[in-house]
Amino acid sequence: MLTRSFCCFRGLSVEAEAMLWRRGCLSWRHLGIEARRVLSPAKSASVIEQLPLFKTALEARSADFFVGRLPAGHRLRIFPAFVQDAAFLDIETTGLSRQAVVTVISVLQNGKMQTFVRGRNLHDFIQVWQGMRVVLTFNGACFDLPFLMREFGFSCKPAHIDLKHEAKCWGLRGGLKEIESRLGYRRTDIESGDGEKAVELWETYEMTGDAIHLQKLIAYNTCDVRSLELLARRIWKLSCQNYPAPHPAS
DNA sequence: TTTATTGGGGAAACTGGCGC
DNA sequence: GCGCCAGTTTCCCCAATAAA
């Protein structure tokens, strides 16, 4: 899928990419051969110059390279190539203010869910973060990632895909729970709630020490993370509908 | 309620095609 | 080869957005 994408090239828009597909150019390899025929001299020279960079980035599994170049709504094109490196992440905090702290972090990677809890194993998350190549969140660009950068003092971050913006491009507007509902996903009682309830659960757990409140908070948090994976797969399927079939010789 | 980031819209810059 | 026009791409700024 990624090697059929041209809108990640500088100078080629999504519309230009569709034109190339219509003209029978269905892979980077074909573009390299056909560029002079299907593009203007200046554009073809630019594309031919960029092609080795793209091949090198794919071989080096540089997700950041592609995420930074693909336009919104098309970043999940990297999903098949980087699915093994993809980490779905969601956090809970004590609120929204600058004084708020992270209470729970859940990460789903390669089908394995890991949860980190303040006062228990929160700092084990640092090692997981350092091993991440691609992280997928919902509104993480504005919330989860800035929070984590502040909490742990991280100076760099993995390639990041914010599913809020990807979903919006495919007509899926609103919050994660609203989108879940529209897609027909159903939560159990223990998994349902909202951010404010998550704050209350943590406060009650801290006050009483009763583990049942923490269990509910973790259930809510991990459910959010599983939803992220379902949402990513749904958006990816939607984007595939507009994709040309692979060229027989590509 | 606070926060930071992003997309969208408009303007500017660039490119290609066409006629002379 | 030059100039004009139309289409495409890039850049910048601000409103919208969703998180706990």
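Protein chains get the first letters and strands the later ones, always in sequence-line order, with residue 1 at the start of each. Side-chain atoms are counted along with the backbone in the values below, which use heavy atoms only and exclude waters and symmetry mates.
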Under 3.5 Å, which donor-acceptor pairs link side chains of residues 125-132 of chain A to any protein atom two or more places apart or in another chain?
from	atom 1	to	atom 2	distance (Å)
A:Trp129	NE1	A:Cys156	O	3.4

N/O contacts under 3.5 Å, protein versus nucleotides 9-12 of chain C?
from	atom 1	to	atom 2	distance (Å)
C:dT9	OP1	A:Ser13	N	3.2
C:dT9	OP1	A:Ser13	OG	3.0
C:dT9	OP2	A:Ser13	OG	2.1
C:dT10	OP1	A:Gly11	N	2.9

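Here the two rings, on A:His123 and A:Phe152, have centers that are under 6.0 Å apart.
Across all strands shown, A:Phe138 has heavy atoms under 4.0 Å from sugar-phosphate atoms exclusively, and none from any base. Within the 4.0 angstrom heavy-atom criterion, no nucleotide atom of any strand lies near A:Asn221. Contact annotation for A:Ser97: no contact, since no heavy-atom pair falls under 4.0 Å across all strands.
Look at CG on A:Leu176: it is 8 Å from P on C:dA20, rounded to the nearest Å. Rounded to whole Å, the distance from CG on A:Asn139 to C1' on B:dT3 is 10 Å. For the pair A:Asp162 CG and C:dA16 P, the computed distance is 19 Å after rounding to whole Å. The interatomic distance linking A:Leu145 (CG) with B:dT6 (P) rounds to 10 Å, in whole Å. Per the geometry, CZ belonging to A:Arg173 stands 10 Å off C1' belonging to B:dG7, to the nearest Å. Rounding to whole angstrom units, CZ of residue A:Phe147 and P of B:dT2 are separated by 14 Å. At whole-Å resolution of the value, CG in A:Leu231 and C1' in C:dA18 are 14 Å apart. Rounded to an integer number of Å, the gap from CG of A:Leu20 to C1' of C:dT8 is 13 Å.
A distance-only check finds no donor-acceptor pair linking the side chain of A:Ser27 to the backbone of A:Thr3 [under 3.5 Å].
Among C:dA18, C:dA20, B:dA4, the nucleotide with an atom closest to any side-chain atom of A:Val199 is C:dA20. Comparing B:dA4, C:dA20, B:dT6 against the side chain of A:Cys142 picks out B:dA4 as the nearest. Here B:dT6 is the nucleotide among C:dA19, B:dT6, C:dA20 with the atom lying nearest to any side-chain atom of A:His165.
Counting heavy atoms from C-beta outward, A:Pro80 and A:Trp236 have side chains that approach closer than 4.5 Å.
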Worked check of salt bridge (charged side-chain N to carboxylate O under 4.0 Å, His left out) between A:Arg133 and A:Asp64 = CA-CA 8 Å; A:Arg133 278 176 179 266; A:Asp64 204 32; over 6 Å; no
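Take the nearest nucleotide of DNA chain B for A:Cys169 and for A:Phe143: the residue whose nucleotide is more 5' is A:Phe143. Nearest-nucleotide positions on DNA chain C place A:Lys168 closer to the 5' end than the other of A:Ile91 and A:Lys168. Comparing A:Gly73 and A:Leu39 by the nucleotide of DNA chain B whose heavy atom lies nearest to each, the residue mapping closer to the 5' end is A:Gly73.
Look at A:Glu229 and A:Arg233 and you find a salt bridge, because one of the NZ, NE, NH1 or NH2 atoms lies within 4.0 Å of a carboxylate O, short of that distance.
Geometrically, A:Arg61 engages A:Phe82 in a cation-pi contact, judged by NZ or CZ lying under 6.0 Å from the ring centre and within 45° of the ring axis.
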